[in-house]
Amino acid sequence: VFLYNKLIEMFGRCGDAAQARKVFNGIAAKNTFSWDLMLFAYTRNGQIRDAQCLFSAMPSPNVVSWTMMLCALAEAGEFHASMGLFQSMPLHNLVSVTAMLVLLAREGRIEQAKKAFDNMPERSLVTWNAMVAAFARNGHFSDAKEMLKQMPQRNVVSWNSILNSLVERGGVEEATCVFNDMPEWDVVSWTAMLAANAQTGNLSKVKQLFDEMPVHNLYTWTALLAACAQSCSLEDAKRVFENMPERNLASWNALLSAFATSGQDIELVKQVFDEMPMANVISWTVMIVSYGLRGHVEESKLAFDSMPEWNLVSWTKLLSAFAENGRFEECLGISYDMPGQDVSSWTALVSAYAQNGQIQNARSIFEKMPQRN
RNA sequence: CCGAACUAACAGA
């Protein structure tokens with residue numbers, strides 16, 4: 001059984017849940033590890049339905065099984081379901097509570113996360129890191145720093161959270177200082193520095209860091225590619241894309257984005273889009289922007305209407321496309337149709353009017369905004 | 001110590 005279990009785990013890690021299932025089915029005397037590892041194979045590969053099915057068939061689910069389901073549900077966007085599952089769990093432990101803390105933080109519910117943290121009878125390094133990240137990701141930089149100071153031990157993950165928080169705030173100098181003072185680095189820390197320097201448009205610094213860093217992976221290559229796109233260096237972007245040892249949708253999107261901002265003919269951008277093996281919300285949003293930048297608002301709208309799904313960014317980009325092309329009347333309608341409008345999209349609308357010299361309209365929207373920053 | 005939890009890349013004003 002031990003060896004079969006190992007096999008299930010291996011297939012699960014390789015992304016082959018079907019193979020794992022075959023091994024699982026072949027075990028006559030399954031033990032609790034067999035079940036958990038099979039569940040792992042499903043959750044790991046995003047097969048939430050299969051996971052749920054297996055979970056309900058489990059003879060004796062334990063904390064580990066519950067925790068995996070908790071994370072799987074959250075991953076599938078079912079936050080409330082995972083919340084409910086957490087409450088109905090017969091038993092909690094350090095790991096399951098930490099997992100819940102992370103989910104709360106991802107939802108932006110920091111107070112609840114902090115409360116859970118404070119109530120925990122024991123905390124591991126991972127727990128502390130989760131709390132640091134919770135603050136860091138939600139813009140509570142000083143709280144994150146305070147946590148970092150208080151925690152009994154720190155590791156590279158703790159430092160990376162702080163570093164990324166600085167990068168998000170646009171503090172290249174501060175980020176550089178933290179990076180230099182960190183006791184250890186990994187590929188995540190280096191990637192953060194790529195992003196930091198890309199923000200300031202310092203492409204040569206990005207390239208230099210890229211060459212200095214000890215390890216490259218898909219993330220680092222894509223960060224480099226994105227930096228080229230942000231600096232409008234299409235030639236660099238193309239070269240990077242060709243030199244990448246492997247590509248995924250994110251890398252394709254970064255390339256598409258490089259074409260989008262390059263001012264190249266729209267047909268070339270479309271060509272890249274059509275060549276892509278897949279397209280997601282991001283790819284479509286880049287197309288909306290591409291059309292908008294070239295004054296083809298109608299095409300932006302068409303792209304928007306043919307997307308398989310939408311999010312706030314795609315809505316906001318559509319709004320901006322109309323605004324930047326002087327189509328203010330439509331902006332109001334878009335804003336009205338937009339579900340769950342946030343600060344960024346409100347601001348886009350305000351600035352649409354402001355740029356058009358319609359100060360009083362801008363002002364009245366500003367006053368009606370539910371949140372401001 | 002056969003299993004679960006923490007940080008990074010691609011579109012936003």
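FYI, side chains are in, hydrogens and waters are out, and symmetry mates aren't considered; it's all heavy atoms of this structure. Just so it is clear, the model here is predicted, and its values are computed rather than measured. In the text below, chain A, chain B and the rest are named by the order of the sequence lines, each starting its count at 1.
Residue-level contact check: A:Ser351 touches the backbone only, with heavy atoms under 4.0 Å from sugar-phosphate atoms and none from bases. Across all strands shown, A:Ser124 has heavy atoms under 4.0 Å from base atoms, whether or not it also approaches the sugar-phosphate. A:Asn164 comes within contact range of the sugar-phosphate backbone alone, with a heavy-atom separation under 4.0 Å but no base atom that close. Counting non-hydrogen atoms under 4.0 angstrom, A:Arg13 reaches the backbone sugars and phosphates but no base. A:Arg106 comes within 4.0 angstrom of the backbone, heavy atoms only, and of no base. A:Thr220 comes within contact range of no nucleotide atom at all, as no heavy-atom separation falls under 4.0 Å. Within 4.0 Å (heavy atoms only), A:Ala250 reaches at least one base atom of the nucleic acid. Among the protein residues, A:Asn280 comes within range of no part of the nucleic acid, since none of its heavy atoms lies under 4.0 Å from any strand. Using a 4.0 Å heavy-atom criterion, one finds that A:Asn62 contacts the bases of the nucleic acid, with or without backbone contacts as well.
Remark: C1' of B:A9 and CE of A:Met213 are 10 Å apart, rounded to the nearest angstrom. Between A:Leu349 atom CG and B:A13 atom C1' the separation is 11 Å, expressed in whole Å. Spacing between atom CG of A:Asn129 and atom C1' of B:A8 amounts to 14 Å, rounded to whole angstrom units. Here the P atom of nucleotide B:U7 and the CG atom of A:Leu166 are 17 Å apart, to the nearest Å. The distance from atom CG of A:Leu194 to atom P of B:C10 is 10 Å, rounded to the nearest whole Å. When the C1' atom of B:C6 is taken as reference, atom CE of A:Met147 falls 14 Å away, rounded to whole Å. Across the protein-nucleic acid pair, A:Ile8 atom CD1 and B:C2 atom P stand 15 Å apart, rounded to whole Å.
Using a 4.0 Å cut-off, no side-chain N or O of A:Arg372 falls inside it from OP1 or OP2 of B:A13.
Every residue meeting the side chain to side chain contact (heavy atoms under 4.5 Å, CB included) condition with A:Asn62, not counting sequence neighbours, appears here in chain and number order: A:Thr32, A:Asp36, A:Val64, A:Ser65.
Taking a cutoff of 4.0 Å between a charged side-chain nitrogen and a carboxylate oxygen, A:Lys6 and A:Glu9 qualify as a salt bridge.
For residues 248-268 of chain A, the ring pair (Phe, Tyr, Trp, His ring centres under 6.0 Å) pairs, not counting sequence neighbours, are A:Phe241-A:Trp252.
The aromatic ring centroids of A:Trp315 and A:Phe304 lie less than 6.0 Å from each other.
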